[in-house]
Amino acid sequence: MYDVLIVGAGTAGMACAITAAGQGAKVGVVEKSDHIGGALHWSGGHMSAGGTRLQKSRGIDDSPEKHYQDIININGSSGDLELIKLAVEEAPRTINWLEDLGFDFAPECPRIIYGHVPYTLPRTHYGTNKALSIYEVLKPLWDDQIKKGNIDLFLHHEWKGLEQNNNQFNEVITENSDGEKSFFGQNIVLTTGGYGSNPSFFSQKHPNTPLMSSTYPSATGDGHQIIEKIGGRFQYAEMHLPSLGGVELAKGRCNFNEAWAMVLTSVYRQPREIYVNNQGFRFMREDEINADTRERLAIQQPGWTFWLIFDEAALLERMENGIENPIMIGWDTEKIKAAALEERFLWKADSIASLCQKTGLPYNNLNTTISGFNTIVDQGNDHDFGREYLKNKVEQAPYYALQVHASVLVTFGGMKVNPQLQLLDQAGKIMPGLYGAGEFLGLGATSGSAFCSGMAITPALSFGRILGKTLTK
Ligand SMILES: Cc1cc2nc3c(=O)[nH]c(=O)nc-3n(C[C@H](O)[C@H](O)[C@H](O)COP(=O)(O)OP(=O)(O)OC[C@H]3O[C@@H](n4cnc5c(N)ncnc54)[C@H](O)[C@@H]3O)c2cc1C
């Protein structure tokens, strides 16, 4: 019987296991895949906290209270406010802990990030290697605890069910090619992540919502399905919001790290293109700064997809300091031109008519939209949408059409817990022996109905640590 039995060796699971083992607990971890780390391998790793040592050293006067206030201003006081409080209170301790472990902060941190609605203070912290910077400091601790025999890790063990004994959930049943196996724990911590890589579960929870997923492949909602079946309460699906900029690399899949258009905000790159929906019509001012406004306008478009239409001059244009700042994050112009030849998500043509033939965009509408926009640039007044950055017409062949999607990076729905992170059933009663952390709780719980920077990965680490401490007392 383990003191703490953890299901899922990802962000929250690793933090929990290391903390519990560090306090002398005997920890078991079952993990379905062949590796640990989960979404840390893909995540941007932006963490947010108010009142960290690093902030103080930079003269930033911040606190958990200010962080909380910003969050509820951004999300309209939505989400689980008790969990948000718990998350922001623990967040500076989590960041300081990472710092103590030798975390490699990017030199510009902490920063205000505009890819989500910005906080009022610089409080987003991240490493030089995205979330892998987190993995890199956790892994040696993990290996050490495994070596000491304090953590037993069972890879390739897919959790399939739970059993109660003496009115307490203490048995986790896993399955693999060797068959079924039971593991026993005084306390069971569920950290199986989100569900964005399970299209059928996603569509069950979000009917009529297109899924273009950029989530880690193991995010298949196993925990949600198992816990819902035994009476757990799934909530916050209605808060679902996607992130803008994914391009379809494989059917239904985008990848934030491989190919992503810079359309989250216009703060980092003024738009030299127009955005049109599938009908060829503009639907927003492309230089809108507010990420939340952009996301909500994009999901009003059919299929939650839109097109960036630009010409050769826009593609080649450089910033005033001569540096390239192309539409695809981290790409240069040559790479974009090469992608246009592949015609997977980017098309190039010598005329608007031919571009429409290739993409299926309706010619009459798009042509009217483009000539209307070119007139707007001449007049210097976007009476349709109020765009202020009006430097580029769409007039010099070849023309380009880049299709982008509102894509899922994190899922908002998740299982209900109380402020002690104990799982609750439909009636609000504690499910004895069961605890949860991470995306299993849903981004809606810790970020509410809007994206607040760092409010997925920081609570995952923090709640993992809190459980690691409290369950070994
Ligand atoms: C591209 C990308 C960028 C992101 N950027 C940010 C960011 O900048 N800031 C931020 O706050 N958040 C970000 N996120 C979200 C954040 O990284 C995740 O929400 C968080 O890391 C999830 O942690 P977790 O522990 O809940 O799940 P994970 O880290 O995904 O771990 C879950 C683990 O459970 C295992 N598991 C699943 N089912 C089973 C089963 N049946 N049996 C056994 N094991 C199982 C999985 O294999 C996995 O190892 C990003 C996500 C993505 C995909």
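Owing to the predicted nature of the structure, the values given are computational and were not obtained by experimental measurement. Whatever order the structure lists them in is the order used to number ligands and atoms, beginning at 1.
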Side chain to side chain donor-acceptor pair (under 3.5 Å) with E439: of T11, T446, T411, only one passes, and it is T411
Give the contacting part of [X] toward ligand 1: side chain, backbone, both or neither, where contact means a heavy-atom distance below 4.0 Å.
| X | result |
| --- | --- |
| T191 | backbone |
| D222 | side chain |
| W159 | both |
| M47 | neither |

How many angstroms lie between [atom1] in [X] and [atom2] in [Y], if you round to the nearest 0.5 Å?
| X | Y | atom1 | atom2 | value |
| --- | --- | --- | --- | --- |
| H125 | I134 | NE2 | CD1 | 12.0 Å |
| I84 | I72 | CD1 | CD1 | 8.5 Å |
| H116 | I74 | NE2 | CD1 | 10.0 Å |

Can you list the atoms of ligand 1 that are under 4.0 Å from a heavy atom of [X]?
| X | answer |
| --- | --- |
| L409 | 1 (C), 2 (C), 51 (C), 52 (C), 53 (C) |
| F256 | 1 (C) |
| A12 | 25 (O) |
| M455 | 11 (O) |
| H157 | 42 (N), 43 (C) |
| E158 | 41 (N), 42 (N) |

Heavy atoms only: which of [options] lies closest to [atom]?
| atom | options | value |
| --- | --- | --- |
| atom 46 (C) of ligand 1 | G196, S218, C254, G414 | S218 |
| atom 35 (C) of ligand 1 | E31, Q225, H41, K32 | E31 |
| atom 53 (C) of ligand 1 | A39, S214, G44 | S214 |

query: For the residue pair F183 and H157, is the inter-centroid distance of their aromatic rings smaller than 6.0 Å?
result: yes
**Prompt:** Under 6.0 Å between the ring centres of Y400 and F310?
**Reply:** yes
Item to complete: Specify the protein heavy atom at minimum distance from atom 37 (C) of ligand 1: its residue, its atom name, and the distance to 0.1 Å.
Response: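 Checked against all protein heavy atoms, atom 37 (C) of ligand 1 sits closest to T192 O, 3.3 Å.
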task = Would you check, one step at a time, whether the test salt bridge (charged side-chain N to carboxylate O under 4.0 Å, His left out) holds for D143 with K147?
result = CA-CA 6 Å; D143 290 342; K147 211 159 105 196; over 6 Å; no
Margin query: Tell me if a side-chain donor or acceptor on T458 pairs with a main-chain N or O of G454 at a distance below 3.5 Å.
Written below: yes
Would you say G45 contacts ligand 1, with heavy atoms under 4.0 Å as the rule?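 Contact check G45 vs ligand 1: positive.
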